[in-house]
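Okay, structure first, notes after.
When reading the values below, keep in mind they use all heavy atoms of this one structure, side chains included, and skip hydrogens, waters and symmetry mates. Each chain gets a letter, A, B and so on, in the order the sequences are listed, and its residues count up from 1.
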Amino acid sequence: MSQTRVRFAPSPTGYLHIGGARTALFNYLLARKEQGTFILRIEDTDVQRSTQQSVDAILDAMAWLGLSCDEGPFYQSERFDLYQRKIQQLLDTGKAYKCYCTPEELDAKREAARQRGDKPCYDGTCRDLPPRADDGTPYVVRFKSQQQGRTSFVDRIKGRITFDNSELDDMIIQRSDGTPTYNFVVVVDDAEMGLTLVLRGDDHVNNTPRQIQIYTALGYPVPEFAHVPMILGADKKRLSKRHGATSVMAYRDMGYLPEALVNYLVRLGWSYGDEEIFSMDELVEKFSLDNVGRSAGVFNPEKLLWLNEHYIKTGDARRLGELLRFYLARIDIVPAEDIDLALVVKSLQDRSRTMVEMAQKAAFYFTEPVVHDAKARAKFITAEQEEIFAVLHEELSGATFDSDGVEAAFKRVLERTGLKFGKVGQPTRVALSGGTSAPGIYEIMLALGRERCLQRIKAARELCANG
RNA sequence: GCGCCCAUCGUCUAGCCUGGCCUAGGACACCGCCCUUUCACGGCGGCGACAGGGGUUCGAAUCCCCUUGGGCGUACCA
């Protein structure tokens with residue numbers, strides 16, 4: 001195990017979204033590649049907005065994607081004592097101070113600054129106040145930031161980034177209710193958990209200089225940073241619900257395979273030459289921050305769909321069969337015991353872009369009696385086809401039910417009736433599946449098995465007779 | 001407004017660091033042809049980009065500057 005320690009630190013105020021999933025994935029990949037440690041930390045300092053439900057949703061989504069952590073989940077809400085001590089330490093060393101300005105005053109000052117066209121920074125009213133006995137007046141604790149000079153760091157993705165310290169105001173590290181704020185706890189935790197690299201979203205670059213100052217004030221070593229670009233919608237705006245689903249689990253519900261989402265997400269912002277398809281194992285081997293791009297990427301649902309199609313096409317039929325059960329259940333279908341789901345999957349793998357689609361297309365296998373599409377029936381189940389069904393029934397009765405066997409039986413039907421493939425194939429398809437658009441007829445026969453085939457052909461034949 | 005970041009086909013990207021191999025490669029989507037028992041799959045081909053302007057250089061997608069465009073931040077959210 002190497003020294004590399006990274007983390008994913010979501011705040012449980014909703015489900016795991018696409019952007020968060022990619023950040024988690026990159027961290028996970030790095031940890032695995034370097035045989036380091038992947039830590040999961042739940043950032044729930046905002047007690048109001050955090051819910052256990054969200055925590056569970058995030059955990060579920062990570063498990064589904066296959067992103068297992070080595071340590072955690074840790075909950076910041078359980079570490080308030082630690083933060084408290086660190087804040088006191090800062091207060092004691094004069095690196096933080098109590099601020100008695102009210103939210104209303106702050107808002108007014110901010111607004112005034114905006115009016116003047118100035119940067120709306122805290123003006124430092126309480127910065128140099130003499131120590132004051134605690135008389136119950138509410139206060140927040142502010143970090144006394146460096147005002148001279150510059151703070152700069154080398155981002156592993158973006159290169160050197162420099163901020164003028166005059167840009168940084170004294171931010172609040174403890175609210176008036178005594179709870180610590182994000183920018184403070186993130187530093188304490190990242191340091192206490194021994195992170196060697198902080199890999200997170202682009203939206204945090206602006207927080208980095210102030211965080212670096214806190215590391216220094218607290219005497220912690222500063223880790224490396226890597227800021228991954230945002231994911232945008234087609235309109236180049238930050239990805240949100242109006243761009244479609246942003247929840248990872250929504251993709252599972254829509255019939256996406258986790259490996260497809262993982263593959264898509266990793267390629268959005270990272271590349272490895274011209275390669276497009278990567279298994280998790282390959283990613284662990286090939287992933288590197290060196291090939292992560294610096295610019296934001298647009299989420300492209302169609303490419304994700306293509307990848308999903310690919311993984312369905314090449315996936316193990318038995319595994320997909322088990323997954324299919326889940327999607328079948330969602331449309332109230334409980335597969336019959338005697339039908340091998342792997343055969344069903346094999347017949348549909350090249351025809352389904354999502355598992356939801358596969359379940360829909362698979363429905364006919366499990367529906368008794370078969371519901372015939374009206375147009376298809378009018379055209380292919382008429383008096384004209386009665387003989388076909390009769391002969392087919394006979395041949396299938398004696399056929400061996402393997403792929404050579406059913407094919408041979410079908411060929412004999414062609415010989416006996418003197419008809420061409422198409423003339424017999426379509427009626428057969430309709431009789432067996434109910435429609436004209438379905439898997440190959442041999443595949444259907446094998447999945448259905450002899451009894452069901454004979455039953456369905458017989459039913460079709462009866463329909464012919466009845467007009 | 002101010003600050004930080006970014007900029008190659010519609011989209012994801014290769015190439016950029018270490019200028020010439022780039023008449024800019026791959027993938028998705030789209031279009032066409034082929035294959036074909038339906039629907040699909042597949043195969044082949046096509047369309048399509050270095051944001052603009054200045055430099056530096058024998059030579060720039062690659063280096064520098066400006067402009068433009070976009071993203072992020074600017075909370076007692078994270």
Close N/O contacts between protein and nucleotides 34-38 of chain B (under 3.5 Å):
{"from": "U37(B)", "atom 1": "O2'", "to": "Arg429(A)", "atom 2": "NH2", "distance (Å)": "3.2"}
{"from": "U37(B)", "atom 1": "O2", "to": "Arg429(A)", "atom 2": "NH2", "distance (Å)": "2.5"}
{"from": "U38(B)", "atom 1": "O4'", "to": "Gln426(A)", "atom 2": "OE1", "distance (Å)": "3.2"}
{"from": "U38(B)", "atom 1": "O2'", "to": "Thr436(A)", "atom 2": "O", "distance (Å)": "2.8"}
{"from": "U38(B)", "atom 1": "N1", "to": "Arg429(A)", "atom 2": "NE", "distance (Å)": "3.4"}
{"from": "U38(B)", "atom 1": "N1", "to": "Arg429(A)", "atom 2": "NH2", "distance (Å)": "3.4"}
{"from": "U38(B)", "atom 1": "O2", "to": "Thr436(A)", "atom 2": "O", "distance (Å)": "2.7"}
{"from": "U38(B)", "atom 1": "O2", "to": "Ala438(A)", "atom 2": "N", "distance (Å)": "2.8"}
{"from": "U38(B)", "atom 1": "O2", "to": "Ala438(A)", "atom 2": "O", "distance (Å)": "3.1"}
{"from": "U38(B)", "atom 1": "N3", "to": "Arg429(A)", "atom 2": "NH1", "distance (Å)": "2.9"}
{"from": "U38(B)", "atom 1": "N3", "to": "Ala438(A)", "atom 2": "O", "distance (Å)": "2.5"}
{"from": "U38(B)", "atom 1": "O4", "to": "Arg351(A)", "atom 2": "NH2", "distance (Å)": "3.2"}
{"from": "U38(B)", "atom 1": "O4", "to": "Gly440(A)", "atom 2": "N", "distance (Å)": "3.2"}

message: Pair Phe153(A), Ile212(A) - check side chain to side chain contact (heavy atoms under 4.5 Å, CB included), show working.
response: CA-CA 9 Å; Phe153(A) 62 98; Ile212(A) 288 174; 3.7 Å; yes
- request: Could you state the atom-to-atom distance from CG of Asn206(A) to C1' of U74(B) in whole Å?
  value: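 Atom CG in Asn206(A) sits about 8 Å away from atom C1' in U74(B).
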message: In this structure, how many angstroms lie between the P atom of C76(B) and the CZ atom of Phe143(A), rounded?
response: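 Spelled out: CZ on Phe143(A) to P on C76(B) is 17 Å.
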Side-chain donor-acceptor distances from residues 430-442 of chain A under 3.5 Å, at least two apart:
{"from": "Ser433(A)", "atom 1": "OG", "to": "Arg429(A)", "atom 2": "O", "distance (Å)": "2.8"}
{"from": "Ser433(A)", "atom 1": "OG", "to": "Gly435(A)", "atom 2": "N", "distance (Å)": "3.2"}
{"from": "Ser433(A)", "atom 1": "OG", "to": "Gly435(A)", "atom 2": "O", "distance (Å)": "3.2"}

So, is [X] close to the [N] phosphate, meaning a side-chain N or O under 4.0 Å from OP1 or OP2?
| X | N | answer |
| --- | --- | --- |
| Lys237(A) | G71(B) | yes |
| Lys236(A) | G69(B) | no |
| Arg150(A) | G3(B) | no |
| Arg210(A) | A75(B) | no |

Quick one: ring-ring contact (aromatic ring centres under 6.0 Å, His included) partners of [X], sequence neighbours excluded?
| X | answer |
| --- | --- |
| Phe366(A) | none |
| Tyr251(A) | Tyr256(A) |
| Tyr264(A) | Phe299(A) |

- request: For nucleotides 21-29 of chain B, just jot down a letter per nucleotide in 5' to 3' order: B, S or -, based on protein non-hydrogen atoms under 4.0 Å.
  value: ----BBBSS
Got a list of protein N/O to nucleotides 43-48 of chain B N/O distances below 3.5 Å?
none

- prompt: So, for Tyr272(A) and Phe287(A), is the gap between ring centers shorter than 6.0 Å?
  reply: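 Judged by ring-centre distance (under 6.0 Å), Tyr272(A) and Phe287(A) do not meet the cut-off.
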Proximity of Tyr311(A) and Trp306(A) rings by center, below 6.0 Å: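 No, the ring centres sit 6.0 Å or more apart.
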- prompt: Closest approach of Leu195(A) and Pro223(A), non-hydrogen atoms and distance?
  reply: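 That closest heavy-atom pairing would be O-CB, 3.6 Å.
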- request: Could you check whether Cys101(A) gets within reach of a base, just the sugar-phosphate, or nothing at all, counting any heavy atom under 4.0 Å?
  value: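 If one applies the 4.0 Å heavy-atom cut-off, Cys101(A) turns out to touch a base.
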- request: Only pairs at least two apart or in different chains count here, so list each salt bridge (Lys or Arg N to Asp or Glu O under 4.0 Å) that has a residue in residues 38-58 of chain A.
  value: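 Applying salt bridge (Lys or Arg N to Asp or Glu O under 4.0 Å) to every pair that reaches into residues 38-58 of chain A, excluding sequence neighbours, yields Arg41(A)-Glu43(A), Arg41(A)-Asp189(A), Arg41(A)-Asp190(A), Asp46(A)-Arg49(A).
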query: Cation-pi between Arg210(A) and Phe143(A): NZ/CZ under 6.0 Å from ring centre and within 45° of the ring axis?
result: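 Because its charged atom misses either the 6.0 Å distance or the 45° angle limit, Arg210(A) does not stack over Phe143(A).
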message: Counting C-beta onward and ignoring hydrogens, is there a side-chain heavy-atom pair between Pro12(A) and Thr51(A) closer than 4.5 Å?
response: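 No, too far: nothing below the 4.5 Å cut-off.
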task: Would you list the pairs meeting ring pair (Phe, Tyr, Trp, His ring centres under 6.0 Å) in which at least one residue belongs to residues 422-441 of chain A, sequence neighbours left out?
output: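 The answer is none; no pair qualifies.
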message: By the side-chain hydrogen bond (donor to acceptor under 3.5 Å, both in side chains) test, which pairs, at least two apart or in different chains, include something from residues 223-235 of chain A?
response: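 Residue pairs passing side-chain hydrogen bond (donor to acceptor under 3.5 Å, both in side chains), neighbours aside: Asp155(A)-His227(A), Arg156(A)-Glu224(A), Arg200(A)-His227(A), Thr208(A)-His227(A), Asp235(A)-Arg242(A), Asp235(A)-His243(A).
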Between protein and nucleic acid, restricted to nucleotides 63-65 of chain B and to nitrogen or oxygen atoms under 3.5 Å apart, what atom pairs and distances do you find?
none

Provide a list of protein-nucleic acid N or O atom pairs under 3.5 angstrom, restricted to nucleotides 15-19 of chain B.
none

- request: Check the side chains of Asp177(A) and Thr179(A) for a donor-acceptor pair under 3.5 angstrom, ignoring hydrogens and angles.
  value: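 Side-chain D/A pair, Thr179(A) to Asp177(A): present.
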- prompt: Between Asp235(A) and Phe163(A), which is nearer to the 5' end of RNA chain B once each is assigned its nearest nucleotide?
  reply: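 Result of the comparison: Phe163(A).
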- prompt: Applying a 3.5 Å limit to both distances, which nucleotide forms a Watson-Crick or G-U wobble pair with A40(B)?
  reply: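 Pair assignment: A40(B) / none.
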message: Can you tell me whether the side chain of Asn207(A) and the base of A78(B) have a donor-acceptor pair closer than 3.5 Å?
response: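 When only heavy-atom distances are counted, Asn207(A) does reach the base of A78(B) through a donor-acceptor pair under 3.5 Å.
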